[in-house]
Amino acid sequence: MKTNLLIGIIFLTLFGYKTNAQSATINSEIETKKSENMQQIFIDKFIVPEQSKQEFLERVTINRNFIRTLNGFIKDEAYERIDEQGNFVFMTIAVWENETVLKKAKEAVQAQYKKEGFDIAEMFARLKITMDRNIYKESEKL
């Protein structure tokens with residue numbers, strides 16, 4: 001009788017452990033799929049010396065016109081101001097359907113740069129432009 005009880009406890013423990021492990025795996029897969037399906041908000045902030053503004057804005061126009069043609073692009077916006085040192089501060093916000101299309105868009109932009117012979121790192125160094133780039137997800141309702 002005690003042996004049967006002990007076997008039952010071991011079985012329930014193992015079964016419960018396996019169920020919890022399966023649950024964790026399923027939850028992880030759901031979170032991954034949820035993340036893959038969430039809109040991706042790509043925000044860039046540029047600090048541009050006043051003397052570099054015109055060339056910078058010409059390049060921004062080329063880039064924005066290009067990304068608007070890509071699959072999964074939803075919308076973009078741009079904001080600007082002048083900081084206390086007289087620098088041109090420019091922010092762009094591009095919204096993409098999901099993580100997968102954003103990844104493909106980045107690859108397409110890099111391929112386009114290569115095709116054009118454009119080196120963004122060289123341009124930023126030459127024009128003394130700094131950039132802060134991050135990808136955000138829409139915040140859950142509070």
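For CD of Q51, the number of neighbouring non-hydrogen atoms (other residues, nucleotides, ligands) closer than 6.0 Å is greater than 12.
Applying the salt bridge (charged side-chain N to carboxylate O under 4.0 Å, His left out) criterion to E58, with sequence neighbours excluded, gives no partner residue. The side-chain contact (heavy atoms from CB on, under 4.5 Å) test applied to E80 returns F88, F90, not counting sequence neighbours. R133 is linked by a salt bridge (charged side-chain N to carboxylate O under 4.0 Å, His left out) to D44, counting only residues two or more places apart in sequence or in another chain. Evaluation of the salt bridge (charged side-chain N to carboxylate O under 4.0 Å, His left out) rule for E122 yields R126 as partners, not counting sequence neighbours. Taking Q112 as the reference, E116 meet the side chain to side chain donor-acceptor pair (under 3.5 Å) condition, with sequence neighbours excluded. Under the rule for a side chain to side chain donor-acceptor pair (under 3.5 Å), the partners of Y113 that lie at least two apart in sequence or sit in another chain are N63. Residues that satisfy the side-chain contact (heavy atoms from CB on, under 4.5 Å) test with K128, not counting sequence neighbours, are P49. Residues forming a salt bridge (charged side-chain N to carboxylate O under 4.0 Å, His left out) with K75 (at least two apart in sequence, or on another chain): E77. Residues passing the side-chain contact (heavy atoms from CB on, under 4.5 Å) test with Q85 are D83, N87, sequence neighbours excluded.
Closest approach of M123 and F56 over heavy atoms only: CE-CA, 3.7 Å. The two residues V101 and N98 come nearest to each other via the heavy atoms N-OD1, 2.9 Å.
I62 and L57 are assigned to two separate hydrophobic clusters, defined by single-linkage of ILVMFWY side chains at heavy-atom distances under 4.5 Å. V60 and I129 fall within a single hydrophobic cluster, where Ile, Leu, Val, Met, Phe, Trp and Tyr side chains are chained together by heavy-atom contacts under 4.5 Å. Each of V89 and M131 belongs to its own hydrophobic cluster when Ile, Leu, Val, Met, Phe, Trp and Tyr are linked at side-chain heavy-atom distances under 4.5 angstrom.
Looking at Q40, its side chain does come within 3.5 Å of a backbone N or O of M38 through a donor-acceptor pair.
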| said: side chain to side chain contact (heavy atoms under 4.5 Å, CB included), that's the test. Do I82 and E50 meet it? Break it down for me. | reply: CA-CA 9 Å; I82 303 297; E50 180 60 29; 4.2 Å; yes
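Hydrophobic cluster membership for V95: I41, I43, I74, Y79, M91, I93, Y136 (Ile, Leu, Val, Met, Phe, Trp, Tyr linked by side-chain heavy atoms under 4.5 Å, directly or transitively).
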N/O donor-acceptor pairs under 3.5 Å from side chains in residues 64-73, not counting sequence neighbours:
from : atom 1 : to  : atom 2 : distance (Å)
R64  : NE     : D76 : OD2    : 2.7
R64  : NH2    : D76 : OD1    : 3.4
R64  : NH2    : D76 : OD2    : 3.1
N65  : OD1    : R68 : NH1    : 3.3
N65  : ND2    : T61 : O      : 3.2
R68  : NE     : D76 : OD1    : 3.2
R68  : NH2    : D76 : OD1    : 3.1
R68  : NH2    : D76 : OD2    : 3.4
T69  : OG1    : F66 : O      : 2.6

